[in-house]
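Each chain gets a letter, A, B and so on, in the order its sequence line appears, and its residues count up from 1.
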Number of protein chains: 2
Amino acid sequence: MKVRVYVSLKNGVLDPQGRAIHHAIEGLGFSGVQDVRAGRLIELDVDDTVTDEALDAMAKQLLANMVIENYRIERVAA
Amino acid sequence: MKVRVYVSLKNGVLDPQGRAIHHAIEGLGFSGVQDVRAGRLIELDVDDTVTDEALDAMAKQLLANMVIENYRIERVAA
């Protein structure tokens, strides 16, 4: 079973990577982009026996830095 | 309007970051994880006037490296 974990910076946390992307988008001549935030996407291939609690623990302990980041877990039908 | 761009490595492309995460997950004692792939998530805040074509061009020119990466664009209702 596929699981996707989306990790994004909390509101209010400075995002230099997102700002650099925003700057580059404007440099390429695109208009209408108000803000850019950069995050991570981690795709896991797990056995069906892996519980939501285990996925939650992985995200908290390893995948996201809970001080500055939020995460969202999504199970994808195989 | 919020737009999310998901960038992930194409199949067959070596993913050392994903492998390191996989190794760390096992090191923490979690079992049942078969594979891990690492990607990026870019959240854009755009005007409603920005077309799908413009978003596609941004992804192709800047956000994803088309040689080794795929991207997926998702518009999120505001």
Side-chain angles (χ1 to χ4, degrees), chain A residues 1-11 13 15 17-64 69-76 78, chain B residues 1-11 13 15 17-64 69-76 78:
Chain A
M1 170 181 270
K2 285 236 173 213
V3 175
R4 296 204 186 100
V5 181
Y6 305 101
V7 179
S8 53
L9 282 171
K10 289 184 178 175
N11 283 333
V13 178
D15 180 5
Q17 189 186 0
R19 183 167 295 205
I21 294 170
H22 192 177
H23 193 74
I25 284 174
E26 290 177 335
L28 284 173
F30 296 107
S31 60
V33 177
Q34 300 301 329
D35 192 29
V36 180
R37 304 282 285 173
R40 289 195 307 284
L41 159 66
I42 298 129
E43 292 181 307
L44 307 169
D45 198 350
V46 303
D47 295 341
D48 290 351
T49 55
V50 175
T51 62
D52 286 348
E53 287 72 30
L55 292 172
D56 217 55
M58 287 179 210
K60 281 212 173 74
Q61 288 179 42
L62 182 70
L63 304 179
E69 292 172 330
N70 288 321
Y71 65 90
R72 187 163 55 87
I73 296 173
E74 182 184 286
R75 280 180 187 263
V76 185
Chain B
M1 171 180 273
K2 284 236 175 217
V3 175
R4 296 203 186 102
V5 181
Y6 305 101
V7 179
S8 53
L9 283 172
K10 290 184 178 173
N11 283 332
V13 178
D15 181 6
Q17 189 185 0
R19 184 168 292 205
I21 295 171
H22 193 179
H23 193 74
I25 285 176
E26 290 177 336
L28 284 172
F30 295 106
S31 59
V33 177
Q34 301 302 327
D35 192 29
V36 180
R37 304 281 284 174
R40 291 196 304 284
L41 160 65
I42 298 129
E43 291 181 308
L44 307 169
D45 198 351
V46 303
D47 295 342
D48 289 352
T49 54
V50 174
T51 62
D52 286 347
E53 287 70 31
L55 292 172
D56 217 56
M58 287 179 209
K60 280 211 174 73
Q61 288 179 42
L62 182 71
L63 304 178
E69 292 172 330
N70 288 321
Y71 66 89
R72 186 163 56 86
I73 295 173
E74 183 183 285
R75 280 180 186 263
V76 185

Query raised in the report: Taking the side chain as C-beta and beyond, is there a heavy-atom pair between A:L62 and B:I21 under 4.5 Å?
Result: yes

Report summary line: Given A:A38, A:A24, A:A57, A:G32, the one with more heavy-atom pairs under 4.5 angstrom with chain B than any other is A:G32

Query raised in the report: In this structure, which one of B:H22, B:R19, B:H23 forms a side-chain contact (heavy atoms from CB on, under 4.5 Å) with B:V36?
Result: B:H22

Query raised in the report: Given that the side chain runs from C-beta out, which part of B:V7 has a heavy atom under 4.5 Å from chain A: side chain, backbone, both or neither?
Result: backbone

Requested in this report: Examine whether an atom of B:V33 lies under 4.5 Å from a heavy atom of chain A, and if so say whether it belongs to the side chain, the backbone or both; otherwise answer neither.
Outcome: both

Query - Residue B:N11 excluded, over 12 heavy atoms near CG under 6.0 Å - result: no

Report summary line: Scored by heavy-atom pairs under 4.5 Å with chain A, the best of B:T49, B:D48, B:L28 is B:L28

Report task. Apply the side-chain contact (heavy atoms from CB on, under 4.5 Å) test between B:I25 and each candidate in A:I42, A:V46, A:L44; give the one that qualifies. Result -> A:L44

**Report entry** Heavy-atom check, side chain of B:I73 versus side chain of B:D56, under 4.5 Å
**Finding:** yes

Query - Contacting moiety of B:S31, where chain A heavy atoms sit under 4.5 Å - result: backbone

